[in-house]
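Step one of this worksheet: look at the structure below.
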Amino acid sequence: MPLSWNEIKSRAIAFSKAWENETSEDAEAKSFWDGFFNVFGITRKRVASFEEPVKKLGAKQGFIDLFWKGILLVEHKSRGKNLDRAYTQALDYFPGIEERDLPKYILVSDFARFRLYDLEEKEQHEFDLKELHKNVHLFGFVAGYQKHKTREEDPVNIKAAENMGRLHDQLKEIGYDGHQLELYLVRLLFCLFAEDTGIFERRIFQDYIEERTCEDGSDLAHHLSTLFQILNTQENRRLKNLDEQLAAFPYVNGKLFEELLPTASFDRKMRQTLLDCCALDWSRISPAIFGSLFQSIMDKTARRNLGAHYTSEKNILKLIKPLFLDELWEEFNKVKSNRNKLTEFHQKLRSLKFLDPACGCGNFLVIAYRELRLLELEVIRSLHDKRQQILDVQALIKLDVDQFYGIEIEEFPAQIAQVALWLVDHQMNMQVSEEFGLYFARIPLRAGGTIICANALQIDWNDVVPIKELSYIMGNPPFIGKNFRTEQQDNDMQKTFTSATNIEPLKLYKSLDFVTAWYYRATDYMQKNKAIRVAFVSTNSITQGEQVSILWPPLLKAGLIIYFAHRTFSWSSEARGKAAVHVVIIGFGLQNTAAKTLFVYDDIKGEPHSIAAKNINPYLLDAPNAIVVARSKPLCGVPVMVNGNKPADGGNLLLSELEKDELLKTEPSAVNFIRPFSMGDEFINNIPRFCLWLVDCPPNKLRELPHVMKRVEAVKAMRSASNDAATRKDAATPMLFQAIRQCKQGNYLALPQVSSENRAYIPTGYLPCTHISGNKLQTIPGAGLYEFGVVTSTMHMSWMKVTSGRLESRYQYSAKLTYNTFPWPLNPSKKQQQAVESFAQQVLDARAKYPESSLADLYDPRSMPPELAKAHQNLDRAVDAAYGKTTFKTEADRVAFLFELYQQYVSKADKGAK
């Protein structure tokens, strides 16, 4: 156990006095450095050797004055000699040192001065011998107080995953697989971390492997099995003649080493891989990456793309800060000057309990625990002056990992979550030890987080943590869309949505994303403890389009209130292989609160700004809890929007320009039955495409076109082989599109179903009725300039962004949820309508100036012509004026206005229906 800092300082003063007048003969060097190590309570010969031989560049033999493998290289000179030359000489030894043994520190000295180089942090410190007691903290790595800055992007994170992943693959290749392999690796990971953070003596695990096992690896597995048993055996129950190196390992407990595993097998290469793992500094691993780092070890694909599977610390803080951390810090700042209230606050921190019901490897639990411990450290600082003599650091600390609970469906991540909580607990204990100069480690492990390996949607959460004791629920349940669920996940959703005891059942759950099951379960669970607060990271689709109208009405009816929300942003990793998905964070509960906060992103990859809200609705707007429900007809008296024609033809009725030209060469008379055709992509990008439109083709004419008939026969074969009954039925009319909704005369307004989110406006335009629309185009037959002007306005775009869904990040326009629910201007004057029509024509005229440019070219924000942008600005002002508005501060204000109008229209329509 490390000495206290006070003891180390006293020894440093005595050491300095003993050597301040000594000469600098080399013969005295060993005594000097033995004494130096003794200052920190370390027996030098147990960790470091004098005159270590090493090959320098050019094959010259050299001798390192003092070498602690993997930790410290010392080069000393006679008193008054140049320390720069001593440093250069130290570096000359590096080429001859095994990579895993390269030191992290270089210390040069002339017996009167010390200069310490921290090679990891690239820092340098120099002081006189007499000042050693003032600088002992620099040598925390000698004393056993390890202090490292953890960085999520630290290369050691990647190397750790790669090295351990290689060992995993090697063990799996020899047949050591499944549960035994997973637990074996968890134990090794614990040992690697333990020897770099003060749980074990420094390098004790690495030295044991290097010194006590054969280089060919033949006996390594047996030694590890013995070690695992030692770690599970209390010191007073161990054999009295136990090997000295084994006896130095502490009793760990925590059931980590309890299970007796089959003995593995190692060879030379595998032993070297384990030693490569030992060479890394595991104290630098960021707590935020513990879980995903370990999980990636088990999966080659995840290993190559580490980062796609881990949640960055910054993103975790976006959830836990508004959920509880900000409020606790605010409370601390209010009571920190009142000792009694601060003591009560400290007790409150101890009483809090947290559940992550989809915890994975425990990232949210780990970061939440770390942040609470940092807050507790501030509490302890305020309660206890560091100048006071502290005899028992452990008595100061009240928080422990037994306040944290998790549910995880897979065994290995659940084990990792348990260990990760222990590891971060130890990191925080080391920080307290550093702060108060007294070593404190919770070894043997006693308390632990409760991590249950189970299906969170099948078990009763009350069996994991009593509902009356729970304070917060948090996490990021699986990001699985409605079309990608497994059969088991469908069963999980069925049970969740149809078997809730305190909230009404939901029949249309199959249209929801998987994450919504956790919202339903949490809301049901909270009914018996309404003080619980919840926050989940979720796919943003649950706040858009159809899913809102299905999921949120029963939740709101059950009393759910949204306290805070992060609107859509990019949930990305900061490690290699960056993965991003567009998500929201929603914090909610059942007790109302005056303070509600929206976090809004001007750039989804940037930082948010917060705004206070009166009410946060399911669309994450500061607006009433109005739910937009799909309608089969427009809410207002406007032309009907119709989906385009559906081919369902296997591509046989559709033609590229080349295919059209080749067909006409062989069958010129087919020209009467070929029409221009567009899906959304062709419409936006002006891509020529055609179709066989055989609606009015007489049978005799069709039979005179053998190449066309061949395509028709292919359609029949394709439809006949379909799994869909309706498609098989339509095999009887293979010459026709499956669904025909083409207008007969005039023009129609075309709007692509899918459009880039980067455009300020969805490109909308007119097409003649002779131009066949595909089913990826929405059409409005008979739409005039007024309708075109409103549909292509910012007002309509704002409504669309909220009510339509997304395909990946692109807009996916919904006629039933957006067009048919859109609240058009109420009784605009003739002058207002004419203004909209006039500026709508300006938009069309501005486009017409660029006949060679596609709508994609014209509406790309990087290439949009200035006159077109100005025309749209004028049109927006005219449309706003038709609503009786002149300006909106933000888009959210615009949407809130539309929601109020929507509520008025729906209320009026409902009264009219009665």
Are a donor atom and an acceptor atom from the side chains of [X] and [Y] found within less than 3.5 Å of each other?
X	Y	result
N775	N645	no
Y761	H796	no
S804	S814	no
S755	R759	yes
Y619	R567	no

N/O donor to acceptor pairs below 3.5 angstrom from side-chain atoms of residues 673-694, sequence neighbours left out:
from, atom 1, to, atom 2, distance (Å)
S678, OG, H771, NE2, 2.7
D681, OD1, N685, ND2, 2.8
E682, OE1, M679, N, 2.9
E682, OE2, R689, NH1, 2.7
N685, ND2, D681, O, 3.0

Salt bridge between [X] and [Y], side-chain N to carboxylate O under 4.0 Å?
X	Y	answer
K314	E607	yes
D649	R719	no
D603	K605	no
D880	K885	no

Practice task
Kindly assign one of parallel, tilted or perpendicular to the pair Y819 and W824, based on the angle between their ring planes and the thresholds 30° and 60°.
Solution key: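 Taking W824 first and then Y819, their aromatic rings stand perpendicular (interplane angle over 60°).
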
Practice task
Classify the angle between the aromatic ring planes of F897 and F888 as parallel (below 30°), tilted (30 to 60°) or perpendicular (above 60°).
Solution key: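 Tilted, since the angle between the ring planes falls between 30° and 60°.
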
Handout entry: Sole residue of T568, N476, D513 in side chain to side chain donor-acceptor pair (under 3.5 Å) with T539
Key =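 Of the listed options, the one satisfying the test is D513.
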
Practice task
Please indicate whether Y850 has more than 12 foreign heavy atoms, meaning atoms of other residues, nucleotides or ligands, lying under 6.0 Å from its OH.
Solution key: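 Atom OH in Y850 is crowded, with more than 12 foreign heavy atoms closer than 6.0 Å.
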
Handout entry: Neighbour count above 12 (heavy atom, 6.0 Å) for K816 NZ
Key =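 For K816, atom NZ is not crowded (no more than 12 foreign heavy atoms under 6.0 Å).
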
Handout entry: Donor-acceptor pair, side chain of T792 and main chain of F788, under 3.5 angstrom
Key =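 Absent.
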
